[in-house]
Amino acid sequence: MPDTPELSEARRALLEKYLRGKLPKDALATSATISHTQESFTSSSIDSRVSLIPFQTGGSKQPFFYMHVHWIGGAFYSFTLAHDLGSDQPLYVIDPYKFDGLQVPPTIEAIATAYIKSMRAVQPEGPYLLGGFCAGSLIAYEIAQQLHAEGQAVDLLLLIDPMAGPIQFIRLLGGFIRRIGNLVQLKPEKQLDWFLRMRYVSRILRHSRDENTEHVDKLMRRWQDEHPRRFSFIPAAEALRQDWMAVFIWAVSGYLPHPYPGKMTYFFARENPDSRNLWWGKVAETENVAIHFIPGTHETCRTRYIHEMAEQLRTCLSKAQEAALSERA
């Protein structure tokens with residue numbers, strides 16, 4: 001494994017205390033203010049819009065690469081994952097792709113390619129261990145597809161509560177806007193703006209609210225306060241673009257996943273009724289598909305029940321690496 005940048009001194013001290021069980025309960029909240037800028041990989045070969053965060057670099061096992069879409073606050077429960085997985089299991093977390101300053105987001109395929117480049121700064125060749133939470137699972141799925149097409153082994157593809165939301169509506173709306181937009185020669189960035197407006201209105205009509213809604217509402221109000229003369233029922237496109245998830249969903253609306261030929265493992269939150277609404281259709285347990293249930297809802301499975309999730313994750317990682325060693329022996 002090549003030499004790689006380590007954690008900043010601040011996060012190193014924090015993480016070492018946590019792994020020894022000496023971290024105060026409120027330290028994780030304080031840690032959220034630590035900048036990722038000096039802690040992520042910054043090699044010139046890596047897309048600057050991708051942040052690969054080394055939560056745990058020591059250990060003799062294969063690295064586990066974890067994708068998430070927690071654009072508000074980050075995935076700081078990864079401290080707990082690092083602790084519970086043990087000091088012998090390297091853990092690298094890939095933060096959400098940065099869309100700042102882009103007229104349109106890249107495709108899901110392009111985002112996955114950028115993630116793979118960042119992973120190869122740590123591990124140039126397979127076999128790989130991949131995991132994703134929620135929509136991060138979609139990126140992990142496409143990464144596995146690309147690695148498989150390159151002949152690289154993926155020993156674990158773990159998808160944690162990979163709910164897709166109203167995916168049929170999202171694809172219908174995105175496809176409609178793209179077709180009409182191309183027909184009338186509407187620029188891609190204008191197509192995105194119309195998608196954001198129509199998605200915003202549909203969410204109001206459906207009274208759709210989730211963990212990001214309050215934060216998005218604050219962003220909209222702040223933008224309107226800064227631009228009082230541009231007030232309207234539907235926020236301006238510049239304001240709607242502040243919602244990272246909405247821009248990401250535009251990319252999702254144009255992505256049609258192909259069947260994955262390898263093995264997959266699912267963790268479904270037991271109290272989430274929408275957990276089996278996936279981008280690639282319904283799923284059932286087969287020889288290549290393993291399904292496990294973890295306690296909690298989509299939110300509490302990674303907060304209140306994070307230790308239970310970590311325990312099942314540690315078991316899956318161990319089994320995947322042991323099975324791979326047996327097959328290659």
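For this chain, numbers begin at 1 and follow the sequence in order. Everything quoted here is computed from the prediction, not taken from an experiment.
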Problem set entry | Closest approach of W244 to Y97 (non-hydrogen atoms, all atoms of both residues) | NE1-O, 2.7 Å
Exercise. Looking only at heavy atoms, what is the nearest atom pair of E189 and R241, with distance?
Worked result: O-NH2, 3.3 Å
Exercise. Do the side chain of Q56 and the main chain of H83 share a donor and acceptor less than 3.5 angstrom apart?
Worked result: no
For this session: Drop me the distance from Y305's OH to E271's CD, to the nearest 0.5 angstrom.
Result: 5.5 Å
Problem set entry | Smallest separation among heavy atoms of S137 and W280, with atom names | O-CH2, 4.5 Å
Exercise. Should D95 and M67 be marked as a side chain to side chain contact (heavy atoms under 4.5 Å, CB included) after you check the CA-CA gap, both sets of side-chain angles, and the distance that decides it?
Worked result: CA-CA 7 Å; D95 278 352; M67 296 69 153; over 6 Å; no
Seminar exercise, completed: Smallest heavy-atom separation, G136 atom then V69 atom, equals N-CG1, 3.8 Å
Problem set entry | Test applied, ring pair (Phe, Tyr, Trp, His ring centres under 6.0 Å); reference residue, F55; option that passes from Y92, Y66, F79 | F79
For this session: Test side chain to side chain contact (heavy atoms under 4.5 Å, CB included) on Q191 and N182 and set out the steps.
Result: CA-CA 9 Å; Q191 295 181 26; N182 292 338; 3.1 Å; yes
Under 3.5 Å, sequence neighbours excluded: what are the donor-acceptor pairs made by side chains of residues 309-316?
{"from": "Q312", "atom 1": "NE2", "to": "F293", "atom 2": "O", "distance (Å)": "3.0"}
{"from": "R314", "atom 1": "NH1", "to": "D84", "atom 2": "O", "distance (Å)": "2.8"}
{"from": "T315", "atom 1": "OG1", "to": "E311", "atom 2": "O", "distance (Å)": "3.1"}

Problem set entry | Interatomic distance, F195 atom CZ to S202 atom OG [nearest 0.5 angstrom] | 8.0 Å
Problem set entry | Nearest non-hydrogen partners of L91 and A82, listed with the distance | CD2-N, 3.8 Å
Exercise. Residues two or more places apart in sequence or in another chain: which of them pass side chain to side chain contact (heavy atoms under 4.5 Å, CB included) with R197?
Worked result: D193, W194, I234, A237, L240
Exercise. Looking at CG of L147 and CE of M119, how far apart are the two atoms once the value is rounded to the nearest 0.5 Å?
Worked result: 5.5 Å
Exercise. Could R120 and E150 be called an ion pair, given the rule that one side-chain N must be under 4.0 Å from one carboxylate O?
Worked result: yes
For this session: Mind checking the CD-CG spacing from E238 to L196? Nearest 0.5 Å is all I need.
Result: 11.0 Å
Return a table of donor-acceptor pairs under 3.5 angstrom between the side chains of residues 100-110 and protein atoms on other chains or two or more places apart.
{"from": "T107", "atom 1": "OG1", "to": "A110", "atom 2": "N", "distance (Å)": "3.0"}

Exercise. What closest approach, in Å, do P63 and Q123 show between heavy atoms, and which atom pair accounts for it?
Worked result: CD-OE1, 3.4 Å
Seminar exercise, completed: Rounded to the nearest 0.5 angstrom, the CD1-CG distance for I143 and L138 is 10.0 Å
Exercise. Can you tell me if S78 uses its side chain to pair, donor with acceptor, with the backbone of A75 under 3.5 Å?
Worked result: yes
Exercise. Is atom NZ of K98 surrounded by more than 12 heavy atoms (other residues, nucleotides or ligands) closer than 6.0 Å?
Worked result: yes
Exercise. Is the backbone of H298 close enough, under 3.5 Å, to the side chain of N272 for a donor and an acceptor to pair up by distance?
Worked result: no
Problem set entry | Working for side chain to side chain contact (heavy atoms under 4.5 Å, CB included), residues K61 and S318 | CA-CA 9 Å; K61 296 182 179 180; S318 296; 4.1 Å; yes
Exercise. Do V184 and M198 belong together in a cluster built from hydrophobic side chains that touch within less than 4.5 Å?
Worked result: yes
For this session: Please name all residues satisfying salt bridge (charged side-chain N to carboxylate O under 4.0 Å, His left out) with E287, sequence neighbours left out, ordered by chain then number.
Result: none
Which donor-acceptor pairs under 3.5 Å do the side chains of residues 151-160 make with protein atoms, sequence neighbours left out?
{"from": "Q152", "atom 1": "OE1", "to": "G126", "atom 2": "N", "distance (Å)": "2.6"}
{"from": "Q152", "atom 1": "NE2", "to": "E125", "atom 2": "OE1", "distance (Å)": "2.6"}
{"from": "D155", "atom 1": "OD1", "to": "R328", "atom 2": "NH2", "distance (Å)": "2.8"}
{"from": "D155", "atom 1": "OD2", "to": "R328", "atom 2": "NH1", "distance (Å)": "3.1"}

Show me the donor-acceptor pairs, under 3.5 Å and distance only, between side chains in residues 245-265 and residues at least two apart or in other chains.
{"from": "S253", "atom 1": "OG", "to": "R178", "atom 2": "NH1", "distance (Å)": "2.9"}
{"from": "S253", "atom 1": "OG", "to": "W250", "atom 2": "O", "distance (Å)": "2.6"}
{"from": "Y255", "atom 1": "OH", "to": "E142", "atom 2": "OE1", "distance (Å)": "2.6"}

For this session: Would you check if T80 and H307 make a side-chain contact, meaning some heavy-atom pair closer than 4.5 Å?
Result: yes
Exercise. For the atom pair CD1 (I139) and CZ (F65), what is the distance rounded to the nearest 0.5 Å?
Worked result: 15.0 Å
For this session: Apply side chain to side chain contact (heavy atoms under 4.5 Å, CB included) to V50 and K117, showing your working.
Result: CA-CA 9 Å; V50 177; K117 288 182 179 179; over 6 Å; no
For this session: May I ask you to decide if Q321's main-chain N or O and Q62's side chain share a donor-acceptor pair within less than 3.5 Å?
Result: no
Exercise. Centres of the H70 and F76 rings: under 6.0 Å?
Worked result: no
Exercise. Should I180 and L172 be regarded as members of a common hydrophobic cluster, given that ILVMFWY residues are connected when their side-chain heavy atoms come within less than 4.5 Å of each other, either directly or indirectly?
Worked result: no
